[in-house]
Amino acid sequence: MTREDQLVAPIFVSGLRKSGTSMTRLLFDGHPATFTLPLNEFHFFRYTDAKPITSNRKPRTGTMAERVDAICADKWFQSHLPTGAPRALDGEAFEERLRKRLAGGLINDDKDLFEAMIASVVQSSNYYAGQSLSEIRPVIKGVHQAEFLPELLAWFPDLKFIYVLRNPYGQLNSAINNMRHGNDGEEEKARIGVDHRKLDKRHPYPFLGQRLLEMRNSYYFMRKWSALYPDNFRVLVYDHLLADPEPQMRSTSEWLGLEFDPCLLEVTENHGTPMARHGWSVSGNHEAGRLSTKPLHAWKEQMPAGVVRLVSLHFDDILETYGFEVERPTVSRWRRFDRSERPEAWLTNRFLFTPAARRMLS
């Protein structure tokens, strides 16, 4: 990599899906010392031979040229654009820059590839102002990045890693919403997400085992890295952030070594422009880019008592450690979570209450 392409103290944002990671990433969007990538997800390790334990994806093998081919064809760099959103990333320019670096012999290992991808994304974004990457701090979000913190630290010893933790009740409730409405458009998903009276058998209640396993694995890495790398890894509690944003962001900016700016309290995209996208955590619950407490309470109205009991059974340690109240409803485990819970899902979800499932998820 050229000296201008070398990353200095990059900021990573990670956490479970539907935990407020997108919102947190966009709080940094307008800060003058950062460059928030226009990609909501920056998938990198899917192009390497590393395999995350929270995904069924097979490791990618092949030459560096084959990996670059796969990256340039990926929807995240070409066509993954929300309806109505401005095209913040020029996919053709991104591909041209990345291939030029490869042809110039600048991509020889995974670290080179990572830096080349970041540099190409930044320089192909419509709000790039010609800064050197050694002078700005990229903000990079990816939900599987936490598993690979040791690899990232070996490349960037000065990195800062923010893990967004949401109350497990709220996190699972939002994840279930997403699982049930995954094939709907963004506007329809946002509308249904706040009005469960619209749910019916077209949106069947899912099997929750895989989601609970992802939660447990993610919490494992959260606790492990918090203990091992306190200078580089920080847990930011989503619920605390929404309830009292300014002290949370002041503390976080101090830890990052950033000067506090009021823009850190606003959700924007493309370097300070108003949000054009819809979503449960952003547009659907926040007004004019300001944070709201509305997402904190949705699970209390939407989550079936049986699922609340399930979360309390498997994640009482997380709830207690981070100061969330533990709910223990007395509803029968045999009661359906929802009228749309099909027999096969009902049977497999009942297994999740057993001691065997508790051991698997411990």
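Just so we're clear, the structure is a prediction, and the values are computed from it rather than from any experiment. Any value given below was found using the heavy atoms of this structure, including those in side chains, with hydrogens, waters and symmetry copies removed.
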TODO: Give a yes or no on whether a salt bridge exists between Glu115 and Lys111, defined as a side-chain N under 4.0 angstrom from a carboxylate O.
DONE: yes
TODO: Identify whether Ile176 and Leu347 are in the same connected component of the hydrophobic contact network (ILVMFWY, side-chain heavy atoms under 4.5 Å).
DONE: no
Open item on the list: I'd like to know if Asp90 and Arg97 make a salt bridge, using a cut-off of under 4.0 Å between side-chain N and carboxylate O.
Closed with: no
TODO: Report the residue from Arg46, Arg17, Arg25, Lys141 that forms a salt bridge (charged side-chain N to carboxylate O under 4.0 Å, His left out) with Glu41.
DONE: Lys141
TODO: Please name the pair of heavy atoms, one in Asn270 and one in Asp29, separated by the smallest distance, quoted to 0.1 Å.
DONE: N-OD1, 3.2 Å
Task: Members besides Val8 in its Ile/Leu/Val/Met/Phe/Trp/Tyr cluster (side-chain heavy atoms under 4.5 Å) - done: none
Task: Plane angle bin for His240 and Phe324 - parallel if under 30°, tilted between 30 and 60°, otherwise perpendicular - done: tilted
Ignoring hydrogens and angles, write down the donor-acceptor pairs under 3.5 Å from the side chains of residues 149-161, residues two or more places apart or on other chains.
unit_1 : atom_1 : unit_2 : atom_2 : d
Asp158 : OD1    : Ala9   : N      : 3.4
Asp158 : OD2    : Ala9   : N      : 3.0
Lys160 : NZ     : Asp231 : O      : 2.6

Open item on the list: Within the 4.5 Å heavy-atom criterion, are Tyr229 and Arg234 side-chain neighbours or not?
Closed with: no
Open item on the list: Looking only at the aromatic ring of each residue, does the gap between the centers of Tyr163 and Phe221 stay below 6.0 angstrom?
Closed with: no
- [ ] Please assess Glu96 against Lys100 for the test salt bridge (charged side-chain N to carboxylate O under 4.0 Å, His left out), listing each intermediate value before the final yes or no.
- [x] CA-CA 6 Å; Glu96 180 181 353; Lys100 183 177 180 179; over 6 Å; no
TODO: With Phe114 as reference, evaluate Phe148, Phe42, Phe45 under the ring pair (Phe, Tyr, Trp, His ring centres under 6.0 Å) test and give the passing residue.
DONE: Phe42
Open item on the list: I'd like to know if Asp261 pairs up with Arg250 as an ion pair, taking the criterion as any Lys NZ or Arg NE/NH1/NH2 lying under 4.0 Å from an Asp or Glu carboxylate oxygen.
Closed with: no
- [ ] Decide yes or no for Phe44 and Asp110: does some side-chain heavy atom of the first lie under 4.5 Å from some side-chain heavy atom of the second?
- [x] yes
- [ ] Please determine if Glu341 and Arg350 form a salt bridge, counting it only when a charged side-chain N lies under 4.0 Å from a carboxylate O.
- [x] yes
- [ ] Please check if any side-chain donor atom of Ser19 sits under 3.5 Å from a side-chain acceptor atom of Thr21, or the reverse.
- [x] no
Open item on the list: I want to check something: taking the side chain as every heavy atom from C-beta on, are Leu241 and Leu27 in contact at a cut-off of under 4.5 Å?
Closed with: yes
Open item on the list: Distance alone, cut at 3.5 Å: any donor-acceptor contact between the side chains of Asn349 and Tyr205?
Closed with: no
Task: Single-linkage hydrophobic cluster, 4.5 Å side-chain cutoff, Leu208 and Trp346 together - done: no
Task: Distance-only donor-acceptor check, side chains Thr354 and Arg333, under 3.5 Å - done: no
TODO: Check ring-ring contact (aromatic ring centres under 6.0 Å, His included) between Phe260 and all other residues, then give those that pass, not counting sequence neighbours.
DONE: none
Task: Main-chain N/O of Ala345 paired with Arg342 side-chain donor or acceptor, under 3.5 Å - done: no
